[in-house]
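What you see is a predicted model; the values in this text were computed from it and never measured.
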Amino acid sequence: MSQPRVTTARDGHVFLIGLNRADKYNAFDRQMLRELAEAYTAYDEDSEAWCAVLFAHGDHFTAGLDLADVGPAVAGGEDLFGAGIDPLGLIGPARSKPLVQAVQGHCLTIGMELAMAADIVVAAADTRFGQIEVARGIMPFGGATIRFADQCGWGNAMRYLLTGDRFDAPEALRIGLVQEVAPDRDTAVARATAIATTIARQAPLAVQASLRNARVARANGPAAAVEAMMSEARQLMVSEDAMEGMQSFLERRDADFKGR
């Protein structure tokens, strides 16, 4: 049996997912894609996991896809992720809980697309991004053509999507691909984990409802989000966590949420 390509662990309510093919710059082969989908599914199904951190072992987040292994599978129509949660958020059931991503070193192709599918991204200062598929004679097929312009603006997206040029962490921050730049890899992972820990201290049902409604607004527009908003808000108002939130406010203490 080969070494696991993806590691998982839970620290309290924070679920940690680590890319674990550092000797190959964390390039994604089919095994790694399947294991990442399995990790996202395990996170989504763990009732005690309220926020996740996606990070990478080693010096690089990912050099992209291992095309020698993945290319023929894509050309042949193979299902790369199986029946679980698609980490790219394109097919099948969506991840229902938030995810923070930390990146460093090379963050190419699928690495950028995973960042676009994440909710918050922290980049180490040495990160070099690239949506370089056009330089290999192919096109992005993990979400960049769908999300890049939406998140970063048309001109910024086309500047890098159509040229295949690489760019650094300050540029990623400028265009809105990442939300923070940290000095190094360890600090980036620590900051991502700190953000996830803060999210996991909040009422999980409220966090999930907020994420869900924001996604409705993004996908279907403000009117659809408004239509869905009040029914969600009413359900939250009568939850145990809402009562705990009010009681903790009155008693001037931290809330102890249970996800009920």
Apply the test side-chain contact (heavy atoms from CB on, under 4.5 Å) to residues L211 and D119: give CA-CA distance (whole Å), side-chain angles for both, the deciding distance (0.1 Å), then the verdict.
CA-CA 9 Å; L211 178 62; D119 300 305; 3.5 Å; yes
Salt bridge (Lys or Arg N to Asp or Glu O under 4.0 Å) evaluation trace for R260 with D241:
CA-CA 6 Å; R260 299 192 293 266; D241 278 354; over 6 Å; no
Kindly determine whether V74 and L67 satisfy side-chain contact (heavy atoms from CB on, under 4.5 Å), including the steps that lead there.
CA-CA 9 Å; V74 172; L67 284 175; over 6 Å; no
Show your working on side-chain contact (heavy atoms from CB on, under 4.5 Å) between L19 and F61 and close with a plain yes or no.
CA-CA 8 Å; L19 306 184; F61 184 76; 3.7 Å; yes
Step by step, would you call R218 with Q151 a side-chain contact (heavy atoms from CB on, under 4.5 Å)?
CA-CA 10 Å; R218 188 176 196 179; Q151 293 183 210; 2.6 Å; yes
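Of all the heavy atoms in G164 and I132, the pair that sits closest is O-CG2, 3.3 Å. The shortest non-hydrogen separation linking A188 to V103 is CB-O, 4.3 Å. Closest of all the heavy-atom pairs between C107 and T127 is CB-CG2, 3.8 Å. Minimum heavy-atom separation, F148 to N156: CZ-O, 4.5 Å. Nearest heavy atoms, V181 versus A169: CG2-O, 3.8 Å. In terms of heavy-atom proximity, I85 sits nearest to P93 at CD1-O, 3.6 Å.
Note: F167 and F129 have parallel aromatic rings, judged against thresholds of 30 and 60 degrees for the angle between ring planes. Between H106 and Y25, the ring planes are tilted. Angles from 30° to 60° get that label.
Put simply, the side chain of S210 gets close to the backbone of A206: a donor and an acceptor are under 3.5 Å apart. In terms of modelled atom types and a separation under 3.5 Å, the side chain of N213 and the main chain of A209 share no donor-acceptor contact. For E48 (side chain) and H13 (main-chain N/O), no donor-acceptor pair under 3.5 Å exists by modelled atom type. At least one donor-acceptor pair under 3.5 Å links the side chain of D44 to the backbone N or O of S96. Of the possible polar contacts, one joining the K97 side chain to the D46 backbone as a donor-acceptor pair under 3.5 Å is found. Side-chain atoms of D168 never come within 3.5 Å of backbone atoms of R128 as a donor-acceptor pair (strictly under, hydrogens ignored). For the pair Q104 (side chain) and G58 (backbone), a donor-acceptor distance under 3.5 Å is present. Within the 3.5 Å criterion, the main-chain N or O of G143 finds a donor-acceptor partner in the side chain of E113. Under a 3.5 Å cut-off, the side chain of E133 and the backbone N or O of M139 do not form any donor-acceptor pair. A donor-acceptor contact shorter than 3.5 Å links the side chain of R95 to the backbone of A117.
When hydrophobic clusters are built by joining Ile, Leu, Val, Met, Phe, Trp and Tyr residues whose side-chain heavy atoms come closer than 4.5 Å, directly or via intermediates, I17 is not grouped with V189. The cluster map of Ile, Leu, Val, Met, Phe, Trp and Tyr, joined by side-chain heavy atoms under 4.5 Å apart, puts L108 and Y160 in different clusters. In the hydrophobic clustering of this structure, L90 groups with V121; members are Ile, Leu, Val, Met, Phe, Trp, Tyr whose side-chain heavy atoms approach within less than 4.5 Å, directly or through other members. Under the 4.5 Å side-chain heavy-atom criterion for ILVMFWY residues, no single connected hydrophobic cluster contains both L205 and F15. V6 and V100 end up in different hydrophobic clusters when Ile, Leu, Val, Met, Phe, Trp and Tyr side chains are linked at under 4.5 Å.
When only modelled atom types and interatomic distance are considered, T7 and N20 share no side-chain donor-acceptor pair under 3.5 Å.
With values rounded to the nearest 0.5 angstrom, L177 atom CG is found 9.0 Å from Q131 atom CD. To the nearest 0.5 Å, atom CD of residue E35 and atom CD of residue Q31 are 4.5 Å apart. Here CG of L114 is found 6.0 Å from CG of L54. Values are rounded to the nearest 0.5 Å. To the nearest 0.5 Å, atom OG1 of residue T145 and atom CE of residue M116 are 9.5 Å apart. Once rounded to the nearest 0.5 Å, the distance linking CD1 of I120 with CG of L99 reads 9.5 Å. Atom CG in N26 sits 6.0 Å away from atom OG1 in T62 (nearest 0.5 Å).
With a 4.5 Å cut-off on side-chain heavy atoms, L33 and V70 count as touching. Contact check for L16 versus F55: side-chain heavy atoms found under the 4.5 Å cut-off. Counting heavy atoms from C-beta on, the side chains of L88 and F81 come closer than 4.5 Å. Under the 4.5 Å side-chain criterion, counting only non-hydrogen atoms from C-beta, R5 is not in contact with F28. In this structure the side chain of L161 reaches within 4.5 angstrom of the side chain of P140, judged on heavy atoms.
Within 6.0 Å of the CG atom in D59, the count of heavy atoms belonging to other residues, nucleotides or ligands does not exceed 12. Heavy-atom neighbours of D23 CG from other residues, nucleotides or ligands within 6.0 Å: above the threshold of 12. Within 6.0 Å of CD1 on I91 lie no more than 12 heavy atoms contributed by other residues, nucleotides or ligands. Other residues, nucleotides and ligands place no more than 12 heavy atoms under 6.0 Å from the CG atom of D11.
Between K24 and D66 no salt bridge is recorded (no basic side-chain N to carboxylate O distance below 4.0 Å). With respect to D254 and R201, no salt bridge is recorded, no charged nitrogen being found less than 4.0 Å from a carboxylate O.
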